[in-house]
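In what follows, chains are A, B, ... by sequence order, proteins preceding strands, each numbered from 1.
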Amino acid sequence: MKLNQSKKFILTPKPPFHFDGTFHKPSHFPNNLKLDDWESGKYWQSLRIGKRILGLKIVDVGTTAKPKLSVSIFYKGVLSPAELEGIKKEISWRFELDRDFGEFNALAKKDKRFYPVFKKWMGMRNLSQYTLYELLIIAVVLQNATVRRSQQMLDALIGKYGTKVEFDRRALYAIWLPEDLKVISEQELRDLRIGYRAKFIKRLSEDFANKKVDEVQLRTLDKENAKKELIKLYGIGPESARILLFEALHHYDIFDHIAPWQQKIYSMLFYGKKLVPTNTIRKDILKQYGKYSMLAVHYIWENVFWLRKTQKIDWLENEIRL
DNA sequence: CATCAGGGCCCTG
DNA sequence: CAGGGCCCTGAT
């Protein structure tokens with residue numbers, strides 16, 4: 001699909017805003033059929049708005065203190081002014097352009113140990129690029145699999161059911177719509193070597209297609225209720241719910257579930273030890289960062305993955321199972 | 001060659 | 001609430 005039309009506008013995030021920290025997460029391992037792309041100061045992704053596939057390009061034209069984003073929307077056919085307004089709102093929601101980080105930054109300032117890290121990434125948002133359905137698919141392929149296998153599964157799915165979109169001289173992919181899988185059998189999904197996850201994806205797609213899940217309404221719920229709703233989804237347990245609560249619904253006061261592989265990394269990051277009990281980690285983090293626990297951990301976590309891009313971190317390499 | 005755990009979750013007892 | 005089973009893959 002070639003998106004040969006475009007409209008451009010400016011958005012001004014609430015300062016501070018950290019462009020590269022927000023639009024590139026080195027801890028996320030990219031698959032081959034890319035959904036998004038980044039280089040310093042520039043970001044591209046396919047964008048699902050309703051049933052429509054658009055191209056999104058965001059260019060940094062401001063500073064951390066005076067942020068300014070030049071946003072281009074690529075499309076085919078016509079794009080009404082009302083639609084464009086909706087898109088602006090959606091972008092603001094997803095990338096939390098209007099969120100006030102004052103309280104969090106004040107908290108960070110009092111943190112003797114990690115203040116340099118918080119300062120370096122001040123204004124960084126968590127990245128919520130996808131619709132709830134798209135992120136669910138990603139969460140499901142992450143389950144009980146190493147990085148490489150997750151990549152394989154996602155590539156297989158996108159290759160078969162995704163859409164290639166071309167805009168701004170780039171080719172990216174967009175994930176299918178839930179109803180697209182109506183005619184696809186579980187066996188057909190299994191043939192992509194995604195194993196028992198085929199059942200999850202099949203049922204999740206049905207539930208979304210049948211409007212049993214309302215993303216807009218989920219965004220209005222408080223953390224506990226949102227979590228309760230997410231866990232009800234077939235194939236979604238505590239860890240997948242945690243990902244969704246943080247990345248899709250922007251809840252920061254979540255730090256109850258710690259997976260074994262995360263425990264190992266947290267142990268080194270926060271204690272310099274091989275393995276600290278999860279209860280200790282949980283208690284210490286909550287005491288230090290309270291309702292911003294997940295966000296604070298996100299800063300420290302991404303920071304070490306940024307470091308990994310330029311230097312070898314032996315202990316981390318051992319914990320990242322490719 | 002086999003065995004096994006892994007960026008979890010469902011189901012059963 | 002504990003524990004077995006699940007699809008596949010790469011590691012051992």
> Identify whether any heavy atom of A/Ile236 sits under 4.0 Å from a base atom; if not, whether one sits that close to sugar-phosphate; answer base, sugar-phosphate or nothing.
sugar-phosphate
> Phosphate oxygens OP1/OP2 of C/dG10: is one of them under 4.0 Å from a side-chain N or O of A/Gln152?
yes
> Quick check for you: among B/dG7, C/dC7, B/dG8, whose closest atom lies nearest to any side-chain atom of A/Glu239?
B/dG8
> Heavy atoms under 4.0 Å, any strand shown: does A/Leu189 hit a base, just sugar-phosphate, or nothing?
nothing
> Any donor-acceptor pair under 3.5 Å joining the side chain of A/Arg149 to the base of C/dC8?
yes
> For A/Pro238, report the nucleic acid contact type (base, sugar-phosphate, nothing); a contact means any heavy atom under 4.0 Å.
sugar-phosphate
> Do A/Phe19 and A/Phe95 have ring centroids that are under 6.0 Å from one another?
no
> Closer than 4.0 Å, any side-chain N/O of A/Tyr196 to the OP1 or OP2 of C/dG4?
no
> For A/Arg148 and C/dG10, is the shortest distance between a side-chain N/O and OP1 or OP2 below 4.0 Å?
no
> Side chain of A/Phe200 only, please: which of C/dC7, B/dG7, B/dC9 is the nearest?
B/dC9
> Where the side chain of A/Tyr234 is defined as all heavy atoms beyond and including C-beta, which of B/dC10, B/dG7, C/dC7 is the nearest nucleotide?
B/dC10
> Please report the distance, rounded to the nearest Å, between NZ in A/Lys199 and C1' in C/dC7.
12 Å
> Could you give the CZ-to-P distance, from A/Arg190 to C/dC8, as a whole number of Å?
7 Å
> Using a cut-off of 4.0 Å on non-hydrogen atoms, how would the nucleic acid contact of A/Gln262 be classed: base, sugar-phosphate, or nothing?
nothing
> About how many Å separate CD1 of A/Ile73 and OG of A/Ser6, when rounded to the nearest 0.5 Å?
9.5 Å
> For B/dT3 versus C/dG5, give the span between their P atoms, rounded off to a whole number of Å.
15 Å
> Can a donor-acceptor pair under 3.5 Å be found between the side-chain atoms of A/Arg193 and the base atoms of C/dC7?
no
> Is C/dG4 in the syn range, within 90° of 0, or in the anti range?
anti
> One pair to check against side chain to side chain donor-acceptor pair (under 3.5 Å): A/Tyr292 and A/Glu103. What are the steps and the verdict?
CA-CA 9 Å; A/Tyr292 291 105; A/Glu103 210 177 65; 2.9 Å; yes
> When A/Phe23 is tested against each of A/Trp44, A/Trp38, A/Tyr43 for ring pair (Phe, Tyr, Trp, His ring centres under 6.0 Å), which residue passes?
A/Tyr43
> For A/Phe305 and for A/Arg203, locate the closest nucleotide of DNA chain B by heavy-atom distance; then report the residue assigned to the nucleotide nearer the 5' terminus.
A/Phe305
> Is the base of B/dG7 stacked against the aromatic ring of A/Trp261, taking ring centres under 5.5 Å apart and planes under 30° as the test?
yes
> Which whole-number value in Å describes the distance from A/Leu157 CG to C/dC8 P?
13 Å
> With A/Arg99 as the cation and A/Tyr252 as the aromatic partner, state whether NZ or CZ is under 6.0 Å from the six-membered ring centre and within 45° of the axis.
yes
> Between B/dA5 and A/Thr146, is there an OP1 or OP2 to side-chain N/O distance shorter than 4.0 Å?
no
> Can you check the distance between B/dG7 and C/dT12, where both ends of the measurement are the P atom (answer in whole Å)?
13 Å
